[in-house]
Amino acid sequence: RSSARLVAPLGCLISRQKHTLPDLPYDYAALEPHINAEIMQLHHSKHHATYVNNLNVAEEKYKEALAKGDVTTQVSLQPALKFNGGGHINHTIFWTNLSPNGGGEPKGELMEAIKRDFGSFANFKEKLTAVSVGVQGSGWGWLGYNKEQGRLQIAACANQDPLQGTTGLIPLLGIDVWEHAYYLQYKNVRPDYLKAIWNVINWENVSSRYATCKK
């Protein structure tokens, strides 16, 4: 009976489906003038694709090490899994957080929660912008949901560290502040990019994520 219970998990491991690059829900030029088409094309088809490819390679190596009982190799692969897995998770959220029909302010329960936890939308926007500007080197600014405390929380993550996997917060809105997300258009002036990105934030998507994580 115990061996029968092992068949399904082992079968899942052997027949693991590879991760794939998700399609954008809009054209590369759809977010102009706030984020230009060249940035979006490179960011999606090159940078995100690289994370996906490297994640598949790392997982394949991890599967082999697992089958051999090679714990040393399993441990050595953790940084690659974290970096590339985080890059895939973060960007998959990021694309849906943006929309050519975005901008403005959220409505309904999300807006009420923002007012409750930050005082006002203006305060929230200022705080998330400041945290994102302040990321040293490369990383992300996030609005997350603290399920234990039942409140919204702002956080910054370095490199491609995934929000939930490293802080426990459920990701609602992520702002990519790696230079590849803005340098071709905004050069080294990150605050200008952050000012512009609020014009394309997809509040319907963020609100939907908030409603889902509250269930």
Side-chain angles (χ1 to χ4, degrees), residues 2-31 35 37-100 137-142 144-145 155 157-184 202 205-206 208-209 212-213 215:
S2 61
S3 61
R5 281 199 293 268
L6 287 173
V7 171
L10 207 54
C12 291
L13 183 65
I14 294 169
S15 62
R16 179 187 70 81
Q17 289 189 338
K18 288 190 174 183
H19 300 283
T20 58
L21 180 69
D23 293 331
L24 287 188
Y26 39 76
D27 294 333
Y28 286 134
L31 304 182
I35 304 177
E38 185 180 12
I39 286 175
M40 291 300 295
Q41 184 173 10
L42 289 171
H43 198 171
H44 176 257
S45 68
K46 301 296 183 183
H47 291 281
H48 189 173
T50 298
Y51 298 130
V52 172
N53 293 337
N54 289 342
L55 175 60
N56 284 324
V57 170
E59 285 193 346
E60 192 64 31
K61 290 180 179 178
Y62 191 87
K63 184 183 78 172
E64 294 172 2
L66 200 62
K68 295 176 182 176
D70 183 354
V71 178
T72 299
T73 298
Q74 291 173 47
V75 172
S76 72
L77 287 166
Q78 294 302 314
L81 290 168
K82 181 181 181 182
F83 181 77
N84 294 294
H88 181 39
I89 290 168
N90 294 341
H91 284 88
T92 299
I93 294 169
F94 183 60
W95 308 133
T96 65
N97 277 168
L98 304 178
S99 168
S138 301
W140 292 71
W142 288 99
Y145 181 65
C157 289
N159 300 313
Q160 292 297 350
D161 290 3
L163 183 70
Q164 190 166 4
T166 54
T167 70
L169 299 174
I170 300 171
L172 304 179
L173 169 62
I175 299 180
D176 189 348
V177 289
W178 279 65
E179 284 193 342
H180 66 234
Y182 61 87
Y183 195 87
L184 286 175
N202 184 354
N205 178 264
V206 181
S208 176
R209 290 179 181 279
T212 299
C213 72
K215 292 178 181 178

Would you call K63 and E60 a salt bridge, using N to O less than 4.0 angstrom?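 Between E60 and K63 there is a salt bridge, with a charged N closer than 4.0 Å to a carboxylate O.
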Where is the tightest heavy-atom contact between [X] and [Y], given as atom of each residue plus distance?
X    : Y    : value
N97  : L173 : OD1-CA, 3.2 Å
L42  : L184 : CD1-CD1, 3.5 Å
P171 : Q164 : CD-OE1, 3.8 Å
T166 : C157 : OG1-SG, 4.0 Å
L172 : R209 : O-CD, 3.4 Å
Y62  : L81  : CD1-CD1, 3.8 Å

Pairwise distance [atom1]([X]) to [atom2]([Y]) - rounded to 0.5 angstrom:
X    : Y   : atom1 : atom2 : value
D176 : H43 : CG    : NE2   : 4.0 Å
L31  : M40 : CG    : CE    : 4.5 Å
N53  : T20 : CG    : OG1   : 10.5 Å

Kindly determine whether I93 and L163 satisfy side-chain contact (heavy atoms from CB on, under 4.5 Å), including the steps that lead there. CA-CA 11 Å; I93 294 169; L163 183 70; over 6 Å; no
Sub-4.5 Å side-chain heavy-atom contact between [X] and [Y]:
X    : Y    : answer
W142 : L169 : no
V57  : N84  : no
N54  : F83  : no

Among H88, H91, K82, which residue meets the side-chain contact (heavy atoms from CB on, under 4.5 Å) test with Q160?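 Filter result, single survivor: H91.
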Can you label the angle between the W178 ring and the Y51 ring as parallel, tilted or perpendicular, going by 30° and 60°?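 Plane angle over 60°, so perpendicular.
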Set of side chain to side chain contact (heavy atoms under 4.5 Å, CB included) partners for A49, sequence neighbours left out: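 With neighbours one apart ignored, the set is L21.
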Given side-chain contact (heavy atoms from CB on, under 4.5 Å), test T212 with Y145 step by step and report yes or no. CA-CA 11 Å; T212 299; Y145 181 65; over 6 Å; no
Looking only at atom types and distance, does a side-chain atom of H44 sit under 3.5 Å from a main-chain N or O of D23, one as donor and one as acceptor?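 Answer holds: no.
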Sidechain-backbone polar pair: S208 side chain, N205 backbone, donor-acceptor under 3.5 Å: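 Not a single qualifying donor-acceptor pair exists.
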If you apply the rule side-chain contact (heavy atoms from CB on, under 4.5 Å), what do you find for H19 with E59, and how did you get there? CA-CA 10 Å; H19 300 283; E59 285 193 346; 3.1 Å; yes
Show your working on side-chain hydrogen bond (donor to acceptor under 3.5 Å, both in side chains) between W95 and H48 and close with a plain yes or no. CA-CA 10 Å; W95 308 133; H48 189 173; 2.9 Å; yes
Assess whether side-chain contact (heavy atoms from CB on, under 4.5 Å) is satisfied between V52 and N56, documenting all intermediate values. CA-CA 6 Å; V52 172; N56 284 324; 3.9 Å; yes
Please check if atom CD in E64 has more than 12 non-hydrogen atoms from other residues, nucleotides or ligands closer than 6.0 Å.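 Yes, the 6.0 Å shell around CD holds more than 12 heavy atoms from other groups.
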